[in-house]
Amino acid sequence: MTPIHFTLNSAFMFSILGLSIHRTHFISALLCIEGMMLALFILLSFFSLTLQLPTIASLPIIILAFSACEAGTGLALMVATSRTHGNNHLNNLNILQC
């Protein structure tokens with residue numbers, strides 16, 4: 001495994017670890033998810049460059065489009081929950097009461 005692949009794999013794993021540990025604010029959860037998507041995008045870009053297959057060439061662009069949609073949806077949900085609940089703490093949200 002090259003150092004670049006190790007760095008990107010560890011960035012993805014640290015984003016998952018950060019998402020599972022730091023669940024106090026909605027914005028920190030969104031940032032961890034964006035870090036995962038960024039690491040996944042860069043990994044897919046490297047794989048498409050090294051393999052040079054035409055079927056894999058469009059995958060990084062598709063992942064980037066899904067990441068932009070996810071970021072927009074996450075920010076809209078954060079604004080909606082902060083308006084209804086008064087803050088962006090994830091501890092105050094209960095799925096049975098919403």
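No hydrogens, no waters, no symmetry mates; every other heavy atom, side chains included, goes into these values.
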K.L.:
Looking at L30 and L75, what are the two nearest heavy atoms and their distance?
P.N.:
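Reported closest heavy-atom pair: CD1-N, 4.1 Å.
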
K.L.:
Tell me whether the rings of H5 and F46 are parallel (<30°), tilted (30 to 60°) or perpendicular (>60°).
P.N.:
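It falls in the perpendicular class, over 60°.
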
K.L.:
State yes or no: do L51 and L59 share one hydrophobic cluster built from I, L, V, M, F, W and Y residues joined by side-chain heavy-atom distances below 4.5 Å, directly or via other members?
P.N.:
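Shared cluster, yes.
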
K.L.:
CD1 of I4: more than 12 outside heavy atoms within 6.0 angstrom?
P.N.:
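Counting neighbours around CD1 of I4, 12 or fewer heavy atoms of other residues, nucleotides or ligands fall under 6.0 Å, so no.
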
K.L.:
Check for me, please, whether L77 and I27 land in the same ILVMFWY cluster - side-chain distances under 4.5 Å, paths through other members count.
P.N.:
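The answer is yes; both residues are in one hydrophobic cluster.
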
K.L.:
Show the nearest heavy-atom pair for residues G35 and S15, with the distance to one decimal.
P.N.:
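Distance-wise, the nearest heavy atoms are C-OG, 3.6 Å.
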
K.L.:
How long is the straight-line distance from CZ of F41 back to CG of L64, given to the nearest 0.5 Å?
P.N.:
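Result: 5.0 Å between the selected atoms.
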
K.L.:
Should L8 and L44 be counted in the same cluster of Ile, Leu, Val, Met, Phe, Trp and Tyr side chains packed under 4.5 Å apart?
P.N.:
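Linked, L8 and L44 end up in one cluster.
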
K.L.:
Looking only at heavy atoms, which two atoms of M36 and L19 are closest? And how far apart?
P.N.:
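Closest approach of M36 to L19, heavy atoms only: SD-CD2, 4.4 Å.
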
K.L.:
Measure across S45 and S48 and return the closest heavy-atom pair with its distance rounded to 0.1 Å.
P.N.:
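Scanning both residues completely, I find the closest heavy atoms to be O-OG, 2.9 Å.
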
K.L.:
So do I16 and F12 actually touch side chain to side chain, heavy atoms under 4.5 Å?
P.N.:
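In contact.
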
K.L.:
So, taking the atom named CD1 in I63 and the one named CG in L38, what distance separates them when rounded to the nearest 0.5 Å?
P.N.:
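Interatomic distance, I63 CD1 to L38 CG, rounded to 0.5 Å: 12.0 Å.
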
K.L.:
To the nearest 0.5 Å, how far apart are OG1 in T7 and CD1 in I42?
P.N.:
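Reported value, rounded in 0.5 Å steps: 10.5 Å.
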
K.L.:
Is it the case that the side chain of T50 and the backbone of F47 share a donor-acceptor pair, with hydrogens and angles ignored and the cut-off at 3.5 Å?
P.N.:
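Confirmed, T50 side chain pairs with F47 backbone.
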
K.L.:
Work out which heavy atom in S58 is nearest to a heavy atom in T55; give both atom names and the distance.
P.N.:
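That closest heavy-atom pairing would be OG-O, 4.0 Å.
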
